[in-house]
Number of protein chains: 2
Amino acid sequence: MEQKVTFRQVKQEVLARIRANIWAPGTLLPGEIDLAAEFGCARATVSRAMRELTDEGIIERRRKAGTRVKMAPVRQVKFEIPLLRVEIESTGAAYRYALVSREVVDAPDWLRARLALPQGARVLHLECMHYADNAPFQFEDRWINLSAVPEAEAADFTTDNPNEWLVRAVPFSDAAVRFSATAATEALGRFLSVSPNSPLFTVDRTTWISGQAVTNARLYHTTGYEMVALY
Amino acid sequence: MEQKVTFRQVKQEVLARIRANIWAPGTLLPGEIDLAAEFGCARATVSRAMRELTDEGIIERRRKAGTRVKMAPVRQVKFEIPLLRVEIESTGAAYRYALVSREVVDAPDWLRARLALPQGARVLHLECMHYADNAPFQFEDRWINLSAVPEAEAADFTTDNPNEWLVRAVPFSDAAVRFSATAATEALGRFLSVSPNSPLFTVDRTTWISGQAVTNARLYHTTGYEMVALY
DNA sequence: CAGTGGTCTAGACCACCGG
DNA sequence: CGGTGGTCTAGACCACTGT
């Protein structure tokens, strides 16, 4: 008796044919039934293989039209963003956190625009430093919408960092992320031990829970920081 | 007769319970058979829902141990990276490309280290500019391994940009990407119309085909560029 | 309208690994 | 060892959409 054909084998074989240009970009592939017959497996097995290739942006499928190799491969890059503490400790360094400032204010205009807050909305503004082995690692400029998370006003952010607190309070929210390069201001330079105008890798993250804005964070990394991904 | 229960419904319901803290982080969830019974569907349907939640980093599954809500949610960010031409034209701007320099050289040490090339390996070094409506958009510093892609030496890169040429020549390769912020050198500043030391959002991409290094590209974006993702 | 992918089912066997 | 997830099968019906 032969081994069962797995969806991984099917996927790999299809990928190999695409890479070898047997199925060039734009080519119409055989239907699932034909492939199942060729590979000697059930249609569901082919289906799973093709679905994963679709998710990875390799092929395009449309009912009735069939399956084609994508012309312009839209490459997808997937980053994993662990908790900062985990990221730092995984390098062998000790993680340390410090609260720089804390105040409750009316949301400034730019924040109200970004979080879709009404006029006069009260927000908690936190500035924090994160260290790896006592070397500055990241400066955090955090705003929390107090009408979405009123408990935040009473929380003690001198020991817990805002992100970890929020993960506990509002787990599994939706978010949008923007990466950019910004120049260090004089103040940022002092916190991060870099000279003014140094390039800083910056992450801007906005978080929502069921349509309501929860928080916005600007995370400034020290010069030299890189974000790595495989794809 | 009732509607069939779909894997999306199952997934959504499980997610809802997690969000509502009915199943808090660390909680052991019921097994697939129990869930299938509760939702009134086949085990395969539950399985698919749970597999997707696993892929999204929401839950953790281990044979015999069962399924748990993740303690520290490892958030995943997925970027779609279209062809530069497509990215620029989708903003309504006109895309223009220009080759700045082209030379065939022995790979410098840092490149040999990164691409795992033997001593004396010949590479094609290209410098290119990409414009959006004639405004500088990106400076590309590209190295192509000629032993992996010998046809590149004869290719005409004055009209085709290297990335589009490579996509045609070597489709669907593996790659690693690194994002960082770097300071503009004087030369880079001239090309990108920014002052020296301006922060530049930089993408460093290395590409492999079946274990062999194909190309390395450093892509310097003008100041102000942002990379956006939802997750 | 007909052909393609998308999904569900019920059952089966297997692989892994915790107790 | 035995319970859990992981996968395959064969069949069925459905949803979308090109012709």
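A note on names: the letters A, B, ... follow the listed sequences, proteins ahead of strands, and every chain is numbered from 1. Any value given below was found using the heavy atoms of this structure, including those in side chains, with hydrogens, waters and symmetry copies removed.
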Geometric class of the A/Tyr97/A/His130 ring pair [parallel <30°, tilted 30-60°, perpendicular >60°]
tilted
Which class fits the ring pair B/Phe79 and A/Phe79: parallel under 30°, tilted 30 to 60°, perpendicular over 60°?
perpendicular
Check against salt bridge (Lys or Arg N to Asp or Glu O under 4.0 Å), A/Asp133 and A/Arg96
CA-CA 7 Å; A/Asp133 274 348; A/Arg96 190 164 69 79; over 6 Å; no
Can you check whether A/Tyr131 and A/Phe137 have ring centres sitting under 6.0 Å from each other?
no
Between A/Phe179 and A/Phe201, ring centroids under 6.0 Å:
yes
Please encode protein proximity along nucleotides 2-11 of chain C as a string of B, S and -, counting only heavy-atom distances under 4.0 Å.
-BBBBBSB--
What residues, two or more places apart in sequence or in another chain, satisfy salt bridge (charged side-chain N to carboxylate O under 4.0 Å, His left out) together with B/Asp204?
B/Arg114, B/Arg218
Whether A/Glu32 and A/Arg61 form a salt bridge (side-chain N of Lys/Arg under 4.0 Å from carboxylate O of Asp/Glu) is what I want to check.
yes
In terms of side-chain geometry, is the basic nitrogen of A/Glu140 or A/Arg205 positioned less than 4.0 Å from the acidic oxygen of its partner?
no
In whole angstrom, give the distance that lies between atom CD of B/Glu60 and atom P of C/dG18.
12 Å
Could you work out how much the helix from C/dC1-D/dG18 to C/dG18-D/dC1 bends, comparing the axis of its first five pairs with that of its last five, to 10°?
10°
